[in-house]
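What follows is a single structure, written as structure tokens, with notes after it.
Note that the structure is predicted; figures quoted are calculated from it, not measured. Order of the sequence lines sets the chain letters (A, B, ...), proteins ahead of strands, with each chain counted from 1.
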2 protein chains.
Amino acid sequence: MTRTTGKASPISAVAERAGVSVSTVSRVMNGHATVDRAIADRVRAAAAALNYAPNPLARSLVMGRTTTVAVLVPDLGNPTFQSMLQGVSRAAARDGYRILVADSAETISEEGILAVEMRRRCDAIVLCAPRMPAALLADLLPELMPAVLINRPAAVGLAPTVTADYEAGIRPLVEHLYALGHRTLAYLQGKPESASNAARLRGLAAFCEAHPDAELLTVDGGTAFEDGHRAAADLAGSRFTAVLAFNDLVAMGLLSGLAELGVRVPEDLSVTGFDDIPLARYTTPPLTTASVPVLELGEQAWRRLHSLIVNETPADDVDYRPHLEVRRSTAPPATPRSRT
Amino acid sequence: MTRTTGKASPISAVAERAGVSVSTVSRVMNGHATVDRAIADRVRAAAAALNYAPNPLARSLVMGRTTTVAVLVPDLGNPTFQSMLQGVSRAAARDGYRILVADSAETISEEGILAVEMRRRCDAIVLCAPRMPAALLADLLPELMPAVLINRPAAVGLAPTVTADYEAGIRPLVEHLYALGHRTLAYLQGKPESASNAARLRGLAAFCEAHPDAELLTVDGGTAFEDGHRAAADLAGSRFTAVLAFNDLVAMGLLSGLAELGVRVPEDLSVTGFDDIPLARYTTPPLTTASVPVLELGEQAWRRLHSLIVNETPADDVDYRPHLEVRRSTAPPATPRSRT
DNA sequence: GTCGTGTGAGAAAGCGTTTTCTCACTTTGT
DNA sequence: ACAAAGTGAGAAAACGCTTTCTCACACGAC
């Protein structure tokens with residue numbers, strides 16, 4: 001009648017089979033206190049025979065911890081957030097934690113509700129919500145703690161934060177173009193309400209101030225391939241000699257659109273991306289971009305969250321400065337025809 | 001003394017404040033039975049004042065369901081699995097379910113343990129484990145039910161399964177190349193132990209049988225960009241006029257490597273991918289590939305899992321036949337020099 | 001021989017819910 | 001008016017565990 005598989009047997013079954021109390025089984029399973037060697041062996045044998053494993057739910061309830069954390073990202077379809085998730089997931093796995101994941105894209109208006117609901121099922125939360133209004137975030141955070149923020153530089157002080165410095169990061173990119181000789185530039189912006197778009201704009205504003213001879217225009221783009229692809233037509237015939245795309249995805253869409261239109265990159269037009277997603281180095285031509293260590297961002301988020309969970313003071317906030325990755329989508333502008 | 005925020009108050013606090021028993025609070029919160037209108041209002045007021053929400057853990061323990069399902073994927077860094085995850089996640093979210101995600105890449109040898117452990121924390125599991133030995137899978141499944149399998153055609157019958165038919169899917173691809181005039185082809189294979197690689201090989205074998213005049217050689221590749229990139233050097237000087245890459249990632253790596261070597265695609269060499277990941281249409285040249293509806297795969301997996309959870313009989317297994325997506329990375333072979 | 005002092009194991013009290021069981025208090029039927 | 005049937009709410013059991021509290025027993029010390 002010994003079934004080595006089947007539905008989970010409760011601790012009481014093990015206790016009964018071993019002829020001891022549940023307390024003793026619990027003690028054995030958790031390696032607690034000193035329990036007589038012979039009895040412990042009997043318990044272990046019984047547990048093995050019944051294929052016993054403690055019910056994690058019951059365990060969580062009584063212990064007040066789930067060894068699970070939530071990760072909320074705005075779009076599971078975006079390589080950047082995918083990598084963040086992967087970074088958190090891997091790091092957390094090493095510490096024996098599981099990930100509860102949610103994609104807020106579907107329910108942008110109820111992002112807050114979603115976050116709270118997720119949070120209550122686990123021990124802590126990593127919040128990547130670039131477009132959540134600051135006020136809402138501030139309201140929410142007390143309910144969410146322990147929490148770590150990704151890419152919410154404005155919220156520094158509210159919770160441990162890991163960020164990429166998009167403002168500083170775009171500077172080398174645009175300076176690179178300037179150094180190549182570009183003076184008429186376009187910035188194909190992302191969603192205007194996004195914090196990181198604002199940061200890029202600040203960085204670009206600083207650039208303009210430093211180089212009054214350069215002209216930089218912001219044009220509406222988006223955050224996805226399609227947005228870049230769509231923008232190609234407008235940009236192809238324009239007077240711009242270089243365009244900074246909001247991110248790599250948009251840049252790739254643009255690259256593809258331009259190729260279809262017969263515009264040569266970088267000969268006719270230089271293009272830059274942002275993020276350095278894995279595919280950026282495999283585009284044609286390989287994309288000049290600002291490299292953001294997203295996996296690292298996820299890992300560092302986990303480190304801080306873990307500290308909070310075990311009641312240590314987390315490491316200081318970290319702000320990754322993206323580094324310029326020069327590839328082949330940028331080159332000096334063609335000799336202006338006006339010279340002719 | 002009314003704190004509208006703060007640590008979660010238990011149901012007993014609400015009961016006390018409303019001057020009723022916990023049972024009544026529970027009934028009100030769950031809209032059960034008929035409870036006196038006046039009392040119900042009092043309870044709701046108390047709950048609101050205390051910002052009460054039932055503890056999901058306790059709820060799960062007693063109700064025996066968590067409204068959470070696990071998704072196990074072999075690599076969170078791979079666009080294909082990312083899309084599957086997204087597909088499951090979105091569909092599950094619509095039904096009010098959360099996703100517990102795990103990346104087995106780190107612990108390939110303990111994939112089984114991981115699966116069981118995840119499964120015990122929730123109501124069901126979606127298993128995407130293309131390289132798990134069939135015997136292990138069969139052993140594991142009883143413990144995992146309810147479960148749904150993705151891309152394990154060999155396991156049909158053990159659990160509801162959604163698959164892409166890689167064997168049938170590669171056929172139109174290679175036939176397309178054959179029709180273009182290619183007779184010397186290379187298949188840049190993935191991991192030999194993977195089920196979907198075996199399926200592709202079967203499809204290709206059938207092709208060879210049907211076209212004795214064509215020569216097709218299998219060469220070792222891999223599953224990632226880097227693998228394709230690395231293979232470029234070998235393939236560049238070869239006599240092959242077309243190469244079928246294991247998947248789009250490999251194809252893109254290959255494209256990039258070939259571009260660096262000055263090999264023109266498709267003029268000098270035709271290249272195909274597999275999967276039709278979002279970026280495939282934005283490569284240069286856009287990639288001819290077999291389109292696998294991965295998001296759909298995830299969604300269908302969820303549908304079946306949901307059925308199992310609510311004790312309905314799930315829809316029949318579904319086997320998506322990838323469809324040929326002809327883009328611009330394939331063309332007739334260059335006129336052979338041997339003719340000269 | 002009595003008094004600490006350990007030691008090891010069982011009993012019981014939670015953890016925060018839901019749900020069944022009970023029962024007091026109306027209504028209704030006659 | 002009196003039993004039968006309904007209502008609505010509290011008490012208590014259950015979910016499966018961990019942990020504190022208790023206590024029986026055996027040991028050396030005085």
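- Residues satisfying the ring-ring contact (aromatic ring centres under 6.0 Å, His included) test with A:Tyr52, not counting sequence neighbours, are none.
- The distance between atom CG of A:Leu50 and atom C1' of D:dG16, rounded to the nearest whole Å, is 15 Å.
- For B:Met29 and C:dG16, the CE to C1' distance is 13 Å, given to the nearest whole Å.
- C:dT19 atom C1' lies 14 Å from atom CG of B:Leu61, rounded to whole Å.
- Counting only heavy atoms from C-beta on, B:Ile39 has its side chain closest to D:dA9 among D:dT19, C:dA9, D:dA9.
- Between A:Arg37 atom CZ and C:dG8 atom P there is a gap of 13 Å when expressed in whole angstrom units.
- When heavy atoms are screened at a 4.0 angstrom cut-off, B:Thr24 is found touching the sugar-phosphate backbone but no base atom.
- Evaluation of atom-type donor-acceptor distances gives a pair under 3.5 Å for the side chain of B:Arg27 against the base of D:dG10.
- The residue among B:Ser21 and B:Arg120 whose nearest nucleotide of DNA chain D lies closer to the 5′ end is B:Ser21.
- Taken to the nearest 0.5 Å, the CG atom of B:Asn55 stands 10.5 Å off from the CD1 atom of B:Ile11.
- The separation between B:Met63 atom CE and C:dT19 atom P is 5 Å, rounded to whole Å.
- The distance from atom CG of B:Asp36 to atom C1' of C:dA24 is 15 Å, rounded to the nearest whole Å.
- When distances run from any side-chain atom of B:Arg59 to the nucleotides C:dT17, D:dG10, C:dG14, the shortest one goes to C:dT17.
- Taking atom CZ of residue B:Arg65 and atom P of nucleotide C:dT18, one finds them 11 Å apart after rounding to whole Å.
- A salt bridge is defined here as a Lys NZ or Arg NE, NH1 or NH2 lying under 4.0 Å from an Asp or Glu carboxylate O, and B:Arg98 with A:Glu117 meets this definition.
- Taking only side-chain atoms of B:Asn55, from C-beta outward, the nucleotide of D:dT18, C:dG16, C:dA9 with the closest atom is C:dG16.
- In this structure, A:His32 places its NE2 atom 15 Å from P of C:dA9, rounding to the nearest Å.
- Listed for the B:Asn151 side chain is no donor-acceptor partner under 3.5 Å among the backbone atoms of B:Thr163.
- When heavy atoms are screened at a 4.0 angstrom cut-off, B:Ala53 is found touching the sugar-phosphate backbone but no base atom.
- Annotation: A:Glu296, atom CD; neighbour count of heavy atoms from other residues, nucleotides and ligands within 6.0 Å is above 12.
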